[in-house]
Amino acid sequence: MTTFCARRPLPRSFYVGDTVQIARALLGKVLIHETREGPCGGPIVETEAYLRDDPACHAVLRVRGADCWEARMTPRNAPMFEPPGTAYVYRVYTDHLCFNIVTQPEGVPEAVLIRAIEPAVGVDLMRRRRGVESLKALTSGPAKLTQALAIGRSLSGADLRRGPLRVLDAPAVPDQDVVVTTRVGVRLAADKPWRFYIADSPYVSRRVTGPNKIGPLQ
DNA sequence: CTCTGGATTGAC
DNA sequence: TCAATCCAGAGG
């Protein structure tokens, strides 16, 4: 996973289609943040899909008094309704930020959570921001990577094709290198196999071995 | 206004 | 395995 042939930013069309497949296709693509202190980032190694009819999705809320859900815009999830290729950054558990890439045409709230990247660019800068030395601890989790890349909430709503935070094209990761599992830390729709990671990457947040493992993509 | 429950991390 | 520790969203 040291091949680093970054190209142009991914176009909007990349982010339209089946969001689960887009999450899969984002593996290997390169996330780069050009900051004042320098560039930092690397290839994406772990993703999760969140869909418009998925109870775990921030844009899907329980209909009051009924046993069903519906997509609804709120102040927090508004960027999910923006055009494909928009950033959605939100806070969880006090001081942790998570970074998502919005998919689907404007008005359709689906997104891919970027859970881990391989630390390839600006490693020492990221070490300073994280306060740890170990490469494995730099970006191996959704809130770790936002801290390492200095992705703040002001980037929520930003266009990932232009500006300081970009997602660049790179060669596709072959199916035999991809593992599919259920999503981490979600209570609702916990059985959906919508998480993807690169099997042999040391920079994945969490490896699955037990009954949770859905298996490699054939 | 009050109440509930996290798309986490790091220490034990 | 578990606490830290705060806000978004819902309901009164």
Side-chain angles (χ1 to χ4, degrees), chain A residues 15 19-20 22-24 26-27 31 44-82 86-104 109-117 119 126-157 160 179-197 202-210 212 214:
Chain A
Y15 301 113
T19 293
V20 175
I22 294 166
R24 153 71 180 86
L26 275 167
L27 293 177
L31 178 66
I44 294 167
V45 299
E46 179 182 348
T47 61
E48 283 178 359
Y50 288 85
L51 310 187
R52 72 190 85 174
D53 58 351
D54 165 18
C57 177
H58 280 177
V60 177
L61 301 155
R62 196 184 192 99
V63 178
R64 55 157 277 144
D67 187 27
C68 58
W69 292 266
E70 70 180 9
R72 190 157 77 247
M73 193 184 298
T74 66
R76 180 177 65 162
N77 70 29
M80 292 191 72
F81 292 79
E82 295 287 304
T86 297
Y88 168 48
V89 181
Y90 71 91
R91 173 171 28 189
V92 279
Y93 297 110
T94 307
D95 58 344
H96 299 304
L97 296 177
C98 292
F99 165 71
N100 299 253
I101 302 172
V102 173
T103 61
Q104 305 313 321
E110 302 197 346
V112 174
L113 170 68
I114 306 304
R115 287 194 55 89
I117 68 170
M126 295 194 288
R127 280 198 173 104
R128 259 177 278 139
R129 290 189 180 127
R130 289 274 299 125
V132 296
E133 286 295 310
S134 161
L135 268 189
K136 284 197 188 180
L138 276 192
T139 54
S140 55
K144 294 179 188 175
L145 76 87
T146 55
Q147 183 183 28
L149 303 208
I151 297 174
R153 281 204 291 182
S154 61
L155 284 166
S156 199
L160 293 168
V179 176
V180 189
T181 78
T182 53
R183 296 174 293 184
V184 176
V186 300
R187 188 174 60 93
L188 302 167
D191 60 323
K192 302 299 184 188
W194 294 340
R195 170 177 178 242
F196 300 90
Y197 68 82
Y203 308 110
V204 164
S205 71
R206 185 173 177 198
R207 211 163 296 282
V208 215
T209 49
N212 276 344
I214 304 294

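These figures come from a predicted structure and were not determined experimentally. Order of the sequence lines fixes the chain letters, A, B, ..., with proteins taken first and strands second; residue numbering starts at 1 for each chain.
- The distance from atom CE of A/Met73 to atom P of C/dA8 is 17 Å, rounded to the nearest whole Å.
- Going from atom CZ of A/Arg72 over to atom C1' of C/dG9 covers 9 Å, rounded to whole Å.
- Heavy atoms of A/Asn100 sit under 4.0 angstrom from at least one base atom.
- Rounded to a whole Å, the CZ atom of A/Arg91 is 14 Å from the C1' atom of C/dA4.
- The backbone N or O of A/Glu133 sits less than 3.5 Å from a side-chain atom of A/Arg127, completing a donor-acceptor pair.
- In this entry the distance linking CZ of A/Arg183 with P of B/dT8 reads 11 Å, nearest Å.
- The CG-C1' distance, from A/Leu61 to B/dG6, rounds to 14 Å in whole Å.
- Between the NE2 atom of A/His58 and the P atom of C/dA10 there is a distance of 12 Å, given to the nearest Å.
- The aromatic ring of A/Tyr93 is not stacked on the base of C/dA4, since the criterion of ring centres less than 5.5 Å apart with planes inclined by under 30° is not met.
- Here C/dA10 presents its C1' atom at 12 Å from CZ of A/Arg62, a figure rounded to the nearest Å.
- To the nearest angstrom, C1' of B/dT8 lies 12 Å from CG of A/Leu145.
- Map A/Leu188 and A/Ala137 each onto its nearest nucleotide of DNA chain B; the residue landing nearer the 5' end is A/Leu188.
- Of the listed nucleotides (B/dG6, B/dA7, B/dT8), B/dA7 has the atom at the smallest distance from the side chain of A/Tyr90.
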